Protein chains: 2
Amino acid sequence: MLDATLAALADPTRRAILSRLAQGDARVTDVAKPFTISLNSVSKHVRMLERAKLVRRRIEGREHILSLNPQPLDEAGDWIAAQRKLWAWRLGELEKVLTDG
Amino acid sequence: MLDATLAALADPTRRAILSRLAQGDARVTDVAKPFTISLNSVSKHVRMLERAKLVRRRIEGREHILSLNPQPLDEAGDWIAAQRKLWAWRLGELEKVLTDG
DNA sequence: AACATATTCACCTCTAAGGATGAATATTGG
DNA sequence: CCAATATTCATCCTTAGAGGTGAATATGTT
């Protein structure tokens, strides 16, 4: 699942959509407002965020209300945190070898 | 810079390459060994990792030695951590409203 | 000089993503 | 019923990525 999550996060438009939703649930139109691109393009971005399960949609009449789902972000964060630790350890060992022995 | 970093991390082959390099510097050929795809394709993945500055290359004779650069990973990790906090806060507030208010 | 090794370059194919526009669908409000 | 609103569907264009193969380049070895 990391694939879809990280790919979804790689696009600045989608990150902006997520930031918007972090302030509260919103309709597709609301979310699209700040962008210069077409509503249709925003709709596609939203669909990708849904595919990555970062965003959920509930339909109320003709309005689609979007909300965040933190789970995939947690997973991605955990993976990166684990790598950070590994890398830091590895670079620390290297340092030891260079200075101490 | 987040764009390139997250896009680079979105591919499983590239994440595997990074994991390999976390165990120690290695040549392009070494890094390519576990994969069934061609050396050429791996070389291209390495180039993308370099573009994202996650990997550095030093040339020793005919060998290109690859090593990790943790900085972009730190930035990506920080962004995700910040979002996680924001989202958690937002969902916490929502919870309050639902139960208490 | 000749050969092997390490890596990239130049192309080609296929698929997916990002953008646009115009039409279709569903719902709400007079 | 009819018009406006909210959203997606269908289609098109362009660009980038992931994969492949074969040739080119550079270095090391005998």
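Numbered from 1 within each chain, the chains take letters A, B, ... in sequence-line order. Just so we're clear, the structure is a prediction, and the values are computed from it rather than from any experiment.
- Note: NE2 (B/H64) to P (D/dT25) measures 15 Å, nearest angstrom.
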Letter per nucleotide, 5' to 3', of nucleotides 25-30 of chain C [B base touched, S only sugar-phosphate touched, - untouched; heavy atoms, 4.0 Å]: --BS--
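- The pair A/R15-B/D3 counts as a salt bridge, with a side-chain nitrogen and a carboxylate oxygen less than 4.0 angstrom apart.
- For the pair B/S38 and D/dG19, the criterion of a side-chain N or O lying under 4.0 Å from OP1 or OP2 is not met.
- Partners of B/E50 under the salt bridge (Lys or Arg N to Asp or Glu O under 4.0 Å) rule, at least two apart in sequence or in another chain, are B/R57.
- At a cut-off of 3.5 angstrom, counting only N and O atoms as typed in the model, there is no donor on one side facing an acceptor on the other between the side-chain of A/N40 and the base of C/dG18.
- Nucleotide D/dA6 holds its P atom 14 Å from the CG atom of A/L66, rounded to whole Å.
- At a threshold of 4.0 angstrom between heavy atoms, the contacts of A/I59 with the nucleic acid are absent.
- Distance CG (A/D3) to C1' (C/dA16): 14 Å, rounded to an integer number of Å.
- Counting heavy atoms from C-beta outward, A/L9 and A/L73 have side chains that approach closer than 4.5 Å.
- Rounded to a whole Å, the CG atom of A/L39 is 15 Å from the C1' atom of C/dG18.
- Using a 4.5 Å cut-off between side-chain heavy atoms of Ile, Leu, Val, Met, Phe, Trp and Tyr, with links allowed through other members, A/I65 and A/L21 fall into different hydrophobic clusters.
- Nearest-nucleotide assignment on DNA chain D puts the 5′-proximal partner with A/V46, out of B/I37 and A/V46.
- Rounded to an integer number of Å, the gap from B/R47 CZ to D/dA16 P is 14 Å.
- Rounded to whole Å, atom C1' of D/dG17 lies 16 Å from atom CG of A/L6.
- Under the 4.5 Å side-chain heavy-atom criterion for ILVMFWY residues, a single connected hydrophobic cluster contains both B/L39 and B/F35.
- At the phosphate of C/dA17, neither OP1 nor OP2 sits under 4.0 Å from any side-chain N or O atom of A/H45.
- Within the 4.0 Å cut-off from OP1 or OP2 of D/dG20, at least one side-chain nitrogen or oxygen of B/S41 is found.
- Within the 4.0 Å cut-off from OP1 or OP2 of C/dA17, not a single side-chain nitrogen or oxygen of A/R14 is found.
- When all heavy atoms of A/A8 and A/L54 are compared, the closest pair comes out as CB-CD1, 4.0 Å.
- Both B/K44 and A/R51 lie near DNA chain C, and the one whose nearest nucleotide falls closer to the 5' end is B/K44.
- For B/I65 and D/dT27, the CD1 to P distance is 15 Å, given to the nearest whole Å.
- Rounding to whole angstrom units, CG of residue A/D11 and P of D/dT15 are separated by 17 Å.
- Side-chain heavy atoms closer than 4.5 Å link hydrophobic residues (I, L, V, M, F, W, Y) into clusters, and following such links, possibly through other members, connects B/V28 to B/I37.
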